[in-house]
Each structure stands twice: as structure tokens, then as C-alpha cells.
There are 2 protein chains.
Amino acid sequence: MIREQEQGANALPLNNILAGDCIEIMNSLPAGSVDLIFADPPYNLQLRGDLHRPDNSKVDAVDNDWDQFSSFKAYDDFTREWMAAARRLLKPNGAIWVIGSYHNVFRMGAELQNQGFWILNDVVWRKSNPMPNFRGKRLTNAHETLIWASKQEASKYTFNYEALKALNEGVQMRSDWVLPICTGHERLKDEAGDKAHPTQKPESLLHRVLLGTTNPGDVILDPFFGTGTTGAVAKMLGREFIGIEREEAYRKVAKKRIDAVRKFDKEALQVSQSKRAEPRVAFGVLVERGLLRPGEELVSINGRHTAKVRADGSIVGRDMKGSIHQVGAHMEGAPSCNGWTYWHFKRDGQTVPIDLLRQQIRAEMREQ
Amino acid sequence: MIREQEQGANALPLNNILAGDCIEIMNSLPAGSVDLIFADPPYNLQLRGDLHRPDNSKVDAVDNDWDQFSSFKAYDDFTREWMAAARRLLKPNGAIWVIGSYHNVFRMGAELQNQGFWILNDVVWRKSNPMPNFRGKRLTNAHETLIWASKQEASKYTFNYEALKALNEGVQMRSDWVLPICTGHERLKDEAGDKAHPTQKPESLLHRVLLGTTNPGDVILDPFFGTGTTGAVAKMLGREFIGIEREEAYRKVAKKRIDAVRKFDKEALQVSQSKRAEPRVAFGVLVERGLLRPGEELVSINGRHTAKVRADGSIVGRDMKGSIHQVGAHMEGAPSCNGWTYWHFKRDGQTVPIDLLRQQIRAEMREQ
DNA sequence: CTTACCCGTGAATCAGTAA
DNA sequence: GTTACTGATTCACGGGTAA
């Protein structure tokens with residue numbers, strides 16, 4: 001058996017990038033031979049016109065042919081096919097990760113369930129540095145969603161609980177991961193110096209996925225290999241990979257990149273540590289959480305000025321409205337003012353600085 | 001028309017909790033009459049068993065020949081029905097929020113898209129104090145997902161950008177919201193002292209939703225009302241609500257809760273306004289009123305270009321004449337330009353943006 | 001050599017009104 | 001419905017250059 005798998009016609013082409021359509025290629029590989037699949041398929045963004053930043057520069061949007069689908073039906077057909085091919089390749093105890101945005105992730109999640117995959121977690125990648133919403137028409141799209149699912153409900157999937165706990169400063173890893181997007185030297189460039197791929201994923205993300213849900217020596221398949229982040233991190237971590245990629249330009253960049261990777265590079269093991277900054281608390285959050293009521297009166301530390309709280313966290317003084325800091329500075333004729341210590345409120349006859357409420361919120365946040 | 005809506009058979013039962021099945025009741029209400037729907041439907045945590053409605057009646061699966069997926073089918077049928085009924089009730093510019101976990105949110109998101117809703121954002125409610133994963137077999141399930149969608153792609157949905165920005169310490173609100181789960185005094189108890197509802201949502205969550213995507217006076221429908229968080233926050237914020245709930249016990253708790261809510265006073269409900277809401281002022285008016293003289297020179301913000309004001313409110317640059325916006329865009333070779341902030345004039349040795357003069361005019365208009 | 005400043009850029013379903 | 005015009009709108013970083 002093992003000999004066949006290693007040497008026969010059906011041998012797994014380990015640590016290679018296969019050229020071609022991922023559905024065809026997956027269907028040509030031996031069933032039940034892969035431990036983990038990581039899939040980052042086209043998102044079907046459905047972008048309309050151009051978008052400019054406030055400084056008039058144009059956003060370099062994802063307008064590649066591979067992201068164009070004629071309808072939801074066409075996208076669903078595509079999803080059903082690649083997912084079925086992927087599921088066939090998985091060992092009985094295998095698992096899959098998919099990543100997407102609101103454009104496609106709901107359709108992928110539903111199809112995973114339809115095909116009998118068993119969802120273990122949905123994971124939110126919270127981007128520490130997302131692109132802002134330039135027109136102010138929506139919320140900043142600051143996250144993407146991953147779904148982790150086993151081949152079937154009965155699968156004894158791999159989960160390295162302690163490793164992830166260690167990675168998370170000794171407390172259980174949660175379903176929301178704060179990681180920066182891929183920029184700087186990690187972002188691969190083409191010969192012209194432009195980004196080699198429009199949607200390169202950060203290695204920190206794959207590091208966490210592979211560390212947490214595979215063992216050394218496991219076989220990891222990425223059917224939408226792109227510039228090979230999955231392969232690069234798999235190699236670092238001593239896992240085997242199989243990549244499938246249609247576009248020659250991407251394959252070329254990926255091969256060069258992976259060839260340069262050294263196994264068990266200790267520095268690489270540290271890239272995924274996210275920094276923990278002191279959380280910023282907006283004054284509006286006190287209102288939102290009911291610690292202060294809209295309409296409630298604030299008094300200045302010297303008792304000379306008052307202001308009223310509004311529902312959105314701005315405040316209104318005698319002749320001005322704005323943030324707690326702005327209004328405080330205005331009242332005192334000062335260039336700046338720390339509103340947290342300047343403004344007080346009354347509870348049970350006591351006058352208390354609003355900073356006390358901020359400390360309360362911070363304590364809650366630390367509890368996790 | 002108005003009389004009919006207020007007093008006729010089709011009158012909207014504002015600020016009431018309606019008893020019964022939400023699909024039937026929604027179908028009995030007048031179409032196109034609701035501004036926002038907030039839906040927190042059953043999460044269907046036991047997808048592999050029978051599916052039950054909130055009243056514990058069993059949902060019949062239409063297609064039983066594929067037993068493994070029949071329960072998904074039943075959940076999808078249920079989702080399709082209530083969502084279609086909800087969509088019918090929305091005004092053309094209306095919008096919907098749904099909330100769920102990985103058990104059901106993918107199916108809801110896909111169905112929203114299938115029915116022609118237009119997804120605006122998916123939002124992650126990151127729980128600051130989730131329940132840990134006791135068995136250590138998965139990641140701590142520390143978030144839930146909300147989807148915000150307009151009735152159709154062309155809808156001019158409500159988004160109070162500035163208010164949410166104020167709520168977030170002056171930077172635009174992101175798609176991930178850190179909020180604690182509902183505990184303590186806010187968590188409603190029944191007579192026995194147990195929690196009155198298993199999945200009561202925190203008021204802070206609804207505060208952000210309603211402040212950000214409705215205006216005072218808007219009609220908000222919650223078809224899975226439960227203990228009435230939507231109604232309580234709607235009342236606080238000066239919005240109208242309609243609740244639908246099958247279970248008498250929940251309706252009773254909700255009514256008592258909402259009756260005790262005090263509306264915030266009007267001034268507190270004024271939120272930060274977008275500049276887009278300000279009245280338009282034609283540049284020519286500045287000339288007309290003598291704030292700028294025909295022949296006066298304007299200088300671009302970077303000091304590189306000049307233009308001359310003409311009596312009709314057009315301006316002339318080196319090789320082009322037109323509006324302040326057209327000439328500015330031409331000078332910079334940009335697709336567009338906000339002439340109000342681009343062009344400056346000189347007074348007493350100072351260089352001042354012409355937008356300052358527009359603000360003067362607007363102030364005069366407000367006094368009038 | 002260090003610090004300060006400027007510039008570039010990222011999976012984006014990104015406008016509203018009047019004629 | 002279409003066209004034309006007005007005019008509102010950005011956060012976190014990394015890298016490079018200037019001081």
C-alpha cells in the first residue's frame with residue numbers, strides 16, 4: 001500500500017505545484033489521501049465602477065478574470081464542484097479550511113453543510129490595518145471569515161489545543177484572530193515591482209491554521225495556491241504540501257518563494273504573535289452600554305461648566321458640541337483637554353470622574 | 001391615505017407586541033411600511049434532529065428522501081418563508097439585520113442574497129466575555145455574526161456615518177464590534193429567578209444597530225421579539241417598533257420591560273450630522289453677496305495654480321474656465337475635485353479656503 | 001545614526017441631486 | 001430613465017527621503 005502510494009501511478013505529488021484546473025486535478029488524485037485542505041477560492045466580488053481615495057488616487061481593485069462569475073448560480077456550481085472534489089481527497093479524519101468575505105462565504109458555508117462536512121468553528125480574521133471605507137457609506141470592512149470543518153461529524157480531527165493556547169499567552173485561543181494584512185517585504189512583487197498577486201494571505205494566518213489543526217508530516221492540499229503562502233508555511237512547519245494553480249505567473253513566484261524557505265525557521269515561528277496594545281475605549285461606548293444615559297449632565301472638574309451627553313457619544317456644552325476632549329478644551333480656553341479626567345457625573349450624591357467608567361470597561365475587556 | 005394607514009384595517013400596530021406566528025402576522029401587515037427589520041431567529045443548534053419552531057411545533061420537511069439533509073431543508077424552508085414575508089414589509093429604501101452563529105448564519109446569508117437583498121456589511125459581534133470551550137476540542141466560540149442588507153441593490157439605505165464615527169472616538173466604525181454579552185441587572189429573570197430567555201441580546205448591540213442605521217421616528221420590526229431588546233432600545237432612541245412573539249411568557253416580560261423604559265430627551269437624540277445633510281450653496285452666491293469680488297484671484301490649496309472669479313460664479317484658470325470643481329479637477333488632472341476645499345483666497349495677508357465663506361452663508365440661512 | 005516627515009497602498013459589491 | 005454636475009470622503013503601516 002505504502003509503496004504504491006509512494007511510487008505507483010497514483011503517488012501523491014508531494015511538495016509540488018500542479019498546473020491546471022483544480023477540479024480536474026483533484027479528481028485525478030487518489031481518494032482519502034490528504035489530511036487538511038486550505039481553500040482560498042475567488043470571492044466573486046461583483047465590483048461596479050472605479051473607486052478613488054479622498055486624495056483622488058485610484059484603488060487597485062481585484063478585477064481579475066478569475067474572479068468573474070455570471071451569477072450566483074454559476075458561483076454555486078463552481079463551489080459545489082471543487083468542494084466535492086476536495087472532500088473526496090480527504091482522509092476520514094481530515095478537515096478543511098475555507099476563507100472568504102461576505103460576498104461568498106455564506107454560500108460556501110451552506111454548501112459545506114450540504115455536502116456533509118461538519119463545521120467546527122467559524123473564525124474571524126480581524127485585520128489590524130484594513131482599507132478604510134473611503135466614501136463613508138458603510139462600515140469599514142475590517143475582517144474576513146474562515147470556516148473550519150471536518151470531513152464528517154464522526155471525524156477525529158486534529159486540534160492542538162495546547163499549542164494554540166501557548167500562542168495566545170496561556171489562555172484558550174478564541175474564534176477571532178487579530179492579524180495584520182500582508183504588506184512590506186512579505187508581500188511578493190513581480191518584475192515590474194507591482195504586487196504579484198492581488199490577494200496574498202499573510203503567513204501569520206496560515207501559521208495559526210497549520211499549527212493548530214495539523215501535525216508534522218501531514219499532507220496539506222491547497223487547490224487555489226496563488227503565490228503559495230500555504231506551501232511556504234507548510235514547509236517551515238515541517239508539513240507536506242500539494243499546490244494547484246492555473247496561472248503560470250503565480251506558480252513561478254510561488255516556486256521561487258518556497259525554494260527560499262528554510263524549515264523550522266525560528267524567526268518564522270514568531271511572526272504570528274500579535275501585539276497587545278492597551279485597548280482604546282471610546283466615550284460613546286459608555287453610553288451604548290448604559291453606564292451613562294443620553295441627556296445626562298456632566299460637570300467639569302472645577303464645577304464651573306456643564307454639558308449634556310448625546311446618544312452618539314458626543315456632548316453639548318453651552319455654546320458648543322463635540323467630543324469630551326474638544327468641549328472640555330473649549331470651556332477652558334485651552335489648546336487641549338483630557339475629557340476623561342475633566343468631566344464628572346453624579347451617582348448617589350457623589351461626583352465621580354467618567355474615567356472610572358472607562359476603567360470598568362477595560363476590566364471587562366481584560367476578562368476576555 | 002394617511003387616515004387609512006392610521007385608522008383602517010391595515011393600520012400599523014406601532015409600539016405593540018403582536019401574539020402569534022411571525023410569518024402569518026407579517027403577511028397580514030401592509031406591504032412597504034417598515035424602515036428596518038431586526039431578526040434574531042432560532043439558531044437551529046440541533047440541525048441533525050427534528051426542527052422545531054419557537055413554539056415547539058415541528059417543522060415538516062418537504063423532502064424526506066435524503067434523510068441526512070432533510071433538517072437543513074426544513075430550516076431553509078423556514079428561513080425562506082419568514083425572510084420573504086419580511087422583505088414584503090420593507091419600504092423600497094428599507095434594510096434588514098439578521099444575527100446568527102455558524103449553525104445558521106451561512107444559510108441565512110445565502111438566502112438573503114437569493115431573495116435579492118443586497119448585503120452591505122457582515123458584522124462580527126466579538127464577545128468580551130464568552131463562555132469558554134470546556135472540553136478543549138475547539139476554539140472558544142467567542143463571536144456571533146450579523147448581516148446588514150438593504151432591500152435591493154438600488155436602495156438608498158440609512159447610514160449615520162458621523163454618528164457611528166463619533167461613537168468610535170473619531171475614527172470610522174469597523175465591521176467588528178467588541179461588546180459584552182447580556183448579564184447582570186440587564187439580564188431579565190422570570191418569577192423563579194432564572195433567566196427569562198436563553199439568548200437575550202445586549203442593549204448595547206441594538207443601540208449601535210439602531211443609532212447607525214435608522215432615524216428617529218423610523219418603524220422597526222422584530223419578528224422574533226423574545227424579551228424585547230429591540231423594542232426597549234427603539235423606545236429609548238425615539239424610534240417606533242413592532243414586535244412579534246409567539247410565547248406568552250416572553251411577551252409578558254417584554255411588555256413590562258418596555259413600559260419601564262424612559263425615552264431619552266430630544267436634544268440627546270440629536271446625533272452628529274454629515275456635511276451631506278447641509279443645504280447646498282452655489283459658488284455664485286458668494287459673488288452675488290459680495291463676499292468675493294469678480295476679478296479676484298483664487299489660489300489652489302497647494303499654491304501651484306491660480307484662477308480668477310467671474311461675475312456669474314464661474315472661474316477662469318490658465319487654459320480653462322468652468323465651475324470651481326471643474327477647473328480644480330482639470331488643474332490637478334484628477335477625475336474630480338471639491339472646489340470648496342481646493343480653492344483659497346487672500347484676506348489681510350491670510351490665505352483662507354472659500355469653504356469658510358460658504359459656512360458664513362449657511363449660518364445666515366440657519367438664523368433666518 | 002536618529003528622528004521626522006512624506007508617500008504609497010490594501011479582496012471594495014463606496015453618491016446624490018437637478019435638469 | 002438618462003445625463004450632467006456638484007462635492008463628500010481615509011486608517012494603519014511600511015518604506016524611503018530629508019533634516
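Here is how names work: the chains are called A, B, and so on, in the same order as the sequence lines, proteins then strands, and each is numbered from 1.
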Geometric cation-pi criterion R107(A) and Y75(A), 6.0 Å radius, 45° cone: no
Using a cut-off of less than 4.0 Å, is there contact between a side-chain N or O of H325(B) and OP1 or OP2 of dT6(D)? no
Does atom NZ of K252(A) have more than 12 heavy-atom neighbours from other groups under 6.0 Å away? no
Integer-rounded Å distance: dA11(C) C1' and D60(A) CG: 11 Å
Using whole Å, report how far CD of E153(B) lies from C1' of dA12(C). 13 Å
Does a nitrogen or oxygen in the side chain of R135(A) sit under 4.0 Å from OP1 or OP2 of dA8(D)? no
Using atom CZ of R138(A) as one end and atom C1' of dA11(C) as the other, report the distance to the nearest whole Å. 14 Å
Short side-chain N/O contact to dT13(C) OP1/OP2 from Y102(A), under 4.0 Å: yes
At under 4.0 Å, does any side-chain N or O of R358(B) touch on OP1 or OP2 of dA8(D)? yes
E111(B) and Q115(B): side-chain donor and acceptor closer than 3.5 Å? yes
Report the base-pairing partner of dG8(C) (Watson-Crick or G-U wobble, both distances below 3.5 angstrom), or none. dC13(D)
For dA18(D), the Watson-Crick or wobble partner whose two distances fall under 3.5 Å: dT3(C)
dT13(C), OP1 or OP2 - any side-chain N/O from N141(A) closer than 4.0 Å? yes
Compare the minimum distances between each of dA8(D), dC11(D), dA12(C) and the side chain of R276(B), then state the nucleotide with the smallest one. dA8(D)
Test item: side-chain donor near acceptor, H143(B) and D176(B), under 3.5 Å: no
Looking at R280(B), I'd like to know whether one of its side-chain N or O atoms comes within less than 4.0 Å of OP1 or OP2 on dA8(D). no
K275(B) side-chain proximity, nearest of dA12(C), dA8(D), dT6(D): dA8(D)
Ignoring backbone atoms, test whether K165(B) places a side-chain nitrogen or oxygen under 4.0 Å from the OP1 or OP2 oxygen of dT10(D). yes
Could you pick out which residue, D55(A) or A282(B), lies toward the 5' side of DNA chain D when each is mapped onto its nearest nucleotide? A282(B)
Pair R310(A)-S314(A), side-chain donor/acceptor within less than 3.5 Å: yes
May I ask you to evaluate whether S274(B) reaches the phosphate of dT9(D), defined as a side-chain N or O under 4.0 Å from OP1 or OP2? yes
Taking the six-membered ring of W177(A) as reference, does the NZ or CZ atom of R208(A) fall below 6.0 Å from its centre and within a 45° cone about the axis? yes
What verdict does the ring-ring contact (aromatic ring centres under 6.0 Å, His included) test give for W66(A) and F224(A), after you've listed the backbone C-alpha separation in whole Å, the side-chain angles of each residue and the deciding distance to 0.1 Å? CA-CA 11 Å; W66(A) 48 253; F224(A) 306 98; 9.5 Å; no
At under 4.0 Å, does any side-chain N or O of Y161(B) touch on OP1 or OP2 of dT10(D)? yes
How long is the line joining CG of L205(A) and P of dA11(C), in whole Å? 12 Å
Short side-chain N/O contact to dT17(C) OP1/OP2 from K156(B), under 4.0 Å: no
Syn/anti label of dT13(C) as read from its glycosidic torsion, with the cut at 90° from 0: syn
Check whether any side-chain N or O of H185(A) sits under 4.0 Å from OP1 or OP2 of dG15(D), and answer yes or no. yes
Selection from dT10(D), dA11(C), dG14(D) that lies nearest to any side-chain heavy atom of P132(A): dT10(D)
Taking 5.5 Å and 30° as the limits, would you call F134(A) and the base of dC14(C) a stacked pair? no
Using OP1 and OP2 only, check whether a side-chain N or O of S128(A) sits under 4.0 Å from dA12(D). no
Indicate, with a heavy-atom threshold strictly under 4.0 Å, whether G339(B) touches base, sugar-phosphate, or nothing. nothing
Whom does dG7(D) pair with, Watson-Crick or G-U wobble, provided both distances fall under 3.5 Å? none
Heavy atoms only, 4.0 Å cut-off, all strands: where does C337(B) land among base, sugar-phosphate and nothing? base
d(NZ, K58(A); P, dA12(C)) in whole Å: 13 Å
